[in-house]
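Read through the structure below, which is laid out as structure tokens, and then see the notes.
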Protein chains: 2
Amino acid sequence: MKLNEKQTATIFKAFCDENRIKILQLLIDGEKCACKLLEAMNITQPTLSHHMKTLLDSGIVNGRKEGKWMHYSISKKGLEKAQEYLDFLKNNGKEE
Amino acid sequence: MKLNEKQTATIFKAFCDENRIKILQLLIDGEKCACKLLEAMNITQPTLSHHMKTLLDSGIVNGRKEGKWMHYSISKKGLEKAQEYLDFLKNNGKEE
DNA sequence: ACCTCACATTGATGCCTTTCTATATGTTAT
DNA sequence: ATAACATATAGAAAGGCATCAATGTGAGGT
């Protein structure tokens, strides 16, 4: 595994907050702009922005700017990285 | 998915702390007792105990008491639960 | 140019987590 | 019984994180 402990923790930060899980659920059926997410959640706009930053940093979510809108979507690549780590643990440290 | 946001977050708490990742790495090559983990880590015994509780709560680690020793190991079942959730996200909310 | 809208950033506050020391619990050996 | 050991728990201090109101930025529209 080429990731260190800190990097690994950063990836999984995406999944260890209730509100971020809620956001991921909202993104399951495809890309959404921040304003749509905000409507669906019970938090203020700066709080959403904060969580989106965490999600982007984790690599689990992609961001795309279009005019004044930010569109967010789940990153399959990011998910695969997380999955790789779980597989790594499951296979006793063998890389597959 | 039968898990709510809180439960999901609890599972992934296992992976979002640097020290807990280090502990998981130590458990990769099989069951270890708390004292062995303590030797390998740079933390005090109560701190280790705290992290082990978090790991047990997440379901990612199993605990087995034998005399005065606690033996910890990675739970394949717990890992699979985490994997299921990642698959769920990856497959746009389809259960496989 | 100006205003408005969508979002990010700043700074403050409260809470939750990590960490420690000290102590309790439970187990084994003497 | 008691001593020694392994681990858990309690309580406190420190740091980090989530949250908010206020403000900044940057894009479009008038």
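All of these numbers come straight from a predicted model, not from anything done at the bench. By convention in this document, chain letters (A, B, ...) are assigned in the order of the sequence lines, proteins followed by strands, and residues within each chain are numbered from 1.
Rounded to an integer number of Å, the gap from Leu37(A) CG to dA6(C) P is 14 Å. As rounded to whole Å, 14 Å separates atom P of dC17(D) from atom CG of Leu55(A). Following rounding to the nearest Å, Ile43(B) (CD1) and dT18(C) (P) show an atom-to-atom distance of 11 Å. Spacing between atom CG of Leu48(A) and atom C1' of dA8(C) amounts to 11 Å, rounded to whole angstrom units. At whole-Å resolution of the value, CD in Gln45(B) and P in dT9(D) are 11 Å apart.
Toward the 5′ end of DNA chain D lies the nearest nucleotide of Asn42(A), the other residue of the pair Asn42(A) and Lys65(A) mapping further downstream. Looking at which nucleotide of DNA chain C each of Cys16(B) and Lys68(B) is closest to, the 5′-most match is held by Cys16(B). Comparing Trp69(B) and His71(A), the nucleotide of DNA chain C nearest to each residue sits closer to the 5' end for His71(A).
Side-chain atoms of Ser58(B) come within 3.5 Å of backbone atoms of Leu55(B) as a donor-acceptor pair (strictly under, hydrogens ignored).
Side chain of Lys13(A), nearest nucleotide from dA10(D), dC20(D), dC17(D): dC17(D).
For dC20(D), the OP1/OP2 oxygens have a side-chain nitrogen or oxygen of Thr44(A) closer than 4.0 Å.
By the 4.0 Å N-to-carboxylate-O rule, Arg64(B) lies close enough to Glu66(B) to be salt-bridged with it.
His50(B) comes within contact range of at least one nucleobase, with a heavy-atom separation under 4.0 Å.
Expressed to the nearest 0.5 Å, how far CG of Leu56(B) lies from CG of Asn62(B) amounts to 8.0 Å.
Between Tyr85(B) and Phe15(A), the two ring planes are perpendicular [angle over 60°; tilted spans 30° to 60°].
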